[in-house]
Number of protein chains: 2
Amino acid sequence: MAGNTSVPGATVVSRGLALLFAFDDAHRRLTLSELARRADLPLPTAHRLVGELVAGGALVRRTGGEYVIARRLWQVGLLAPVETGLREVAAPFMNDLHATTRATVHLAVREGTEVLYLERLSGRASVPVVSTVGSRLPLHATGVGKVLLAHAPDEVVTQALARLTRITPYTITQPARLREQLDRVRRDGYATTVEEMTLGACSVAVAVPAGSHVVAALGVVVPSLKRDRARLVAGLQVAARGIGRSLA
Amino acid sequence: MAGNTSVPGATVVSRGLALLFAFDDAHRRLTLSELARRADLPLPTAHRLVGELVAGGALVRRTGGEYVIARRLWQVGLLAPVETGLREVAAPFMNDLHATTRATVHLAVREGTEVLYLERLSGRASVPVVSTVGSRLPLHATGVGKVLLAHAPDEVVTQALARLTRITPYTITQPARLREQLDRVRRDGYATTVEEMTLGACSVAVAVPAGSHVVAALGVVVPSLKRDRARLVAGLQVAARGIGRSLA
DNA sequence: GCCCATCCTTTCGCTCAGTGGAAGGACGTT
DNA sequence: AACGTCCTTCCACTGAGCGAAAGGATGGGC
């Protein structure tokens, strides 16, 4: 009378991956029951699969019973061809920008309706920065996100405008106001945010062109825009144009 | 009369992972049959599992039939806690070093009898550099490797000396000669290589201390050591000491 | 002390997902 | 036309995977 009632179409592989993909930037350590919940698996099943993932070197169990992604998976993940050319070309320009501004410098691309951070150079730690390389954030609340959205197909813009999540009191949640800002971004050639993602952090970003297309966005995070917005914009544009030229 | 003859102790999960771990720095793109060979699986089995890995977003099939690690796995891999504290602390010091030397700068730790590269800042591209972040190389043929070996337990040294693979004509393959060099590394406080890993590339490296232990190595790669060995050693030692102090 | 919650672990019999030999197809080389 | 290598599909057998249920372990509230 016993037996299984497993969801049809769910292979062991897909379940194993569901467990791995249960981790994200906000959940780098998960307990067994959290994993089971997030991967939508019965606890005993999760228990066995997680055990196998640990045995296979994909996860590590820490003292305390929390699981984290193993070093081995880090090594394998780094083999993925994620905008390799772009990142290589951008690196020296980002270094220069970082050296002259001392700000946090970001390189990001659009992935659906989110920004995907490809590269980051941390500035003096006084400014809080939430983004991490590999992490994704909504397009409407970040400088690089606004730039990417301003150059995205209409379809994407519509989709993004439909769900303007409030993150701080300053996050723009009115579609009309964001539309207006996107127009301004296209006209002025740069985007800004003022504490829309993180309190105490402002940002400036510009588009990285390749031919006539925009392939990425380059941005900096600073404590305030009052003083040197113009200088930052100029620096960013020099770097972005440099990257664009090197890509051609 | 048909049936299976699957290897005992091999779960689906372990096989899936074997397929993922079939990728390495020298094999970032693999065909189905290469995958099957490297993971030691029958072709039809590999075919099905790889299909599931693709469906699950862990692999991507490129036009031409080659598989590569998917972007999604890159994102998950980056969540692994791989010497996070060390890398964060080291970043600004590495930036400074990179700015003053214009050389390729490396941060690495020992993993068994290999060097694991944690961080890299590329210099002017004229010098060939094989290491990548996340990649591993033998300890005896790299600057950072020699430093790490010089401060490794005897057991590890013995193991490493037992297999001194020749990589270039200048690779040190005589145990006695390497032992002598390791003594010198401990005495002088730095290691060098001269085209022992890559023709046309030399390196200098120093230990990163944390308290009385060595936790990592910091190195630079340059086209030649003739001119500015002393300057490089000085720069490296300042940076390494800075990192060590910040870690305490 | 006792209860209840939440976590993790193990057991166990059913059954279907996983298995891989065999066969077939696509392409290129000799 | 005969061989090589690659990829794909088929299919009958079966043991690997399944998860409800039960059993521990721990911690907090009263």
Side-chain angles (χ1 to χ4, degrees), chain A residues 1-24 26-70 81, chain B residues 1-24 26-70 81:
Chain A
M1 239 169 286
N4 69 45
T5 325
S6 80
V7 180
T11 65
V12 180
V13 169
S14 70
R15 292 173 166 208
L17 292 176
L19 284 168
L20 294 182
F21 294 149
F23 292 87
D24 67 26
H27 305 86
R28 291 167 177 250
R29 333 157 118 231
L30 293 171
T31 65
L32 179 60
S33 32
E34 285 169 335
L35 274 163
R37 238 193 321 274
R38 292 172 68 85
D40 195 29
L41 291 175
L43 209 87
T45 303
H47 182 253
R48 178 169 30 85
L49 293 181
V50 167
E52 287 173 15
L53 289 170
V54 170
L59 295 182
V60 170
R61 175 170 194 171
R62 295 194 149 180
T63 53
E66 283 179 323
Y67 294 90
V68 293
I69 300 290
Chain B
M1 239 167 287
N4 69 44
T5 324
S6 78
V7 179
T11 66
V12 179
V13 168
S14 71
R15 291 172 166 209
L17 291 176
L19 285 167
L20 294 183
F21 294 148
F23 292 86
D24 67 27
H27 303 87
R28 291 166 177 251
R29 335 158 116 230
L30 294 170
T31 66
L32 179 60
S33 33
E34 285 169 334
L35 273 164
R37 237 190 324 271
R38 292 172 67 86
D40 195 29
L41 293 174
L43 208 87
T45 303
H47 182 254
R48 179 170 29 86
L49 293 181
V50 166
E52 289 172 15
L53 288 170
V54 170
L59 295 182
V60 170
R61 175 172 193 168
R62 295 194 149 178
T63 54
E66 283 179 322
Y67 294 90
V68 293
I69 300 289

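In what follows, every chain begins at residue 1, and chains take the letters A, B, ... in the order their sequences are listed.
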**Q** To the side chain of A:Ser33, which of D:dT9, C:dG18, C:dC7 is closest?
**A** C:dC7
**Q** Report yes if the side chains of A:Leu49 and A:Val12 come closer than 4.5 Å at any heavy-atom pair, otherwise no.
**A** yes
**Q** Rounded to whole Å, how long is the line connecting atom CG of A:Leu43 with atom P of C:dC8?
**A**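 Roughly 7 Å, once rounded to whole Å.
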**Q** Within the 4.5 Å heavy-atom criterion, are B:Arg15 and B:Asp40 side-chain neighbours or not?
**A**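 No, their side chains stay 4.5 Å or more apart.
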**Q** Could you check whether any side-chain heavy atom of B:Phe23 comes within less than 4.5 Å of a side-chain heavy atom of B:Leu35, counting everything from C-beta outward?
**A** yes
**Q** Which whole-number value in Å describes the distance from B:Arg48 CZ to D:dG17 C1'?
**A** 13 Å
**Q** Closest to the A:Pro44 side chain: D:dC18, C:dT19, D:dG19?
**A** D:dG19
**Q** Just compare C:dT19, D:dC18, C:dT9 and give me whichever is closest to any side-chain atom of A:Arg15.
**A**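 Within the option list, the nearest is D:dC18.
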**Q** Which nucleotide, C:dT10, C:dG20, D:dC18, lies nearest any side-chain atom of A:Val12?
**A**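 Looking only at heavy atoms from C-beta outward on A:Val12, the closest nucleotide is D:dC18.
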**Q** For A:Val68 and A:Arg62, run side-chain contact (heavy atoms from CB on, under 4.5 Å): C-alpha distance rounded to whole Å, both residues' side-chain angles, the deciding distance at 0.1 Å, then the answer.
**A** CA-CA 7 Å; A:Val68 293; A:Arg62 295 194 149 180; 3.9 Å; yes
**Q** Look at all strands and tell whether B:Leu41 reaches a base, only sugar-phosphate, or nothing, counting heavy atoms closer than 4.0 Å.
**A** nothing
**Q** What integer distance in Å separates A:Leu32:CG from C:dT6:P?
**A**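 Computing the A:Leu32:CG to C:dT6:P distance gives 16 Å.
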**Q** If you assign each of A:Thr45 and B:Tyr67 to its closest nucleotide in DNA chain D, which residue comes earlier from the 5' end?
**A** B:Tyr67
**Q** Given D:dG17, C:dG20, C:dT9, identify the nucleotide with an atom nearest to the side chain of A:Arg61.
**A**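 It is C:dT9.
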**Q** Please report the distance, rounded to the nearest Å, between CG in B:Asp40 and P in C:dT19.
**A**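 Answer to the nearest Å: 14 Å.
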**Q** Counting side-chain heavy atoms from CB outward, which of D:dT8, D:dC18, C:dC7 is closest to A:Leu49?
**A** D:dC18
**Q** Using a distance-only test with no angle check, is there a side-chain donor-acceptor pair under 3.5 angstrom linking B:Glu52 and A:Thr11?
**A**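 Their side chains do contain a donor-acceptor pair, which is all the 3.5 Å distance test asks for.
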**Q** In this structure, how many angstroms lie between the P atom of D:dA22 and the NE2 atom of A:His47, rounded?
**A**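 From A:His47 NE2 to D:dA22 P: 19 Å.
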**Q** Which of these nucleotides, C:dT19, C:dG18, D:dG17, is closest to any side-chain atom of B:Glu52?
**A**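 Closest nucleotide among those given: C:dG18.
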**Q** Quick one: A:Leu19 CG to D:dC18 P, roughly how many Å, whole number?
**A**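 From A:Leu19 CG to D:dC18 P: 11 Å.
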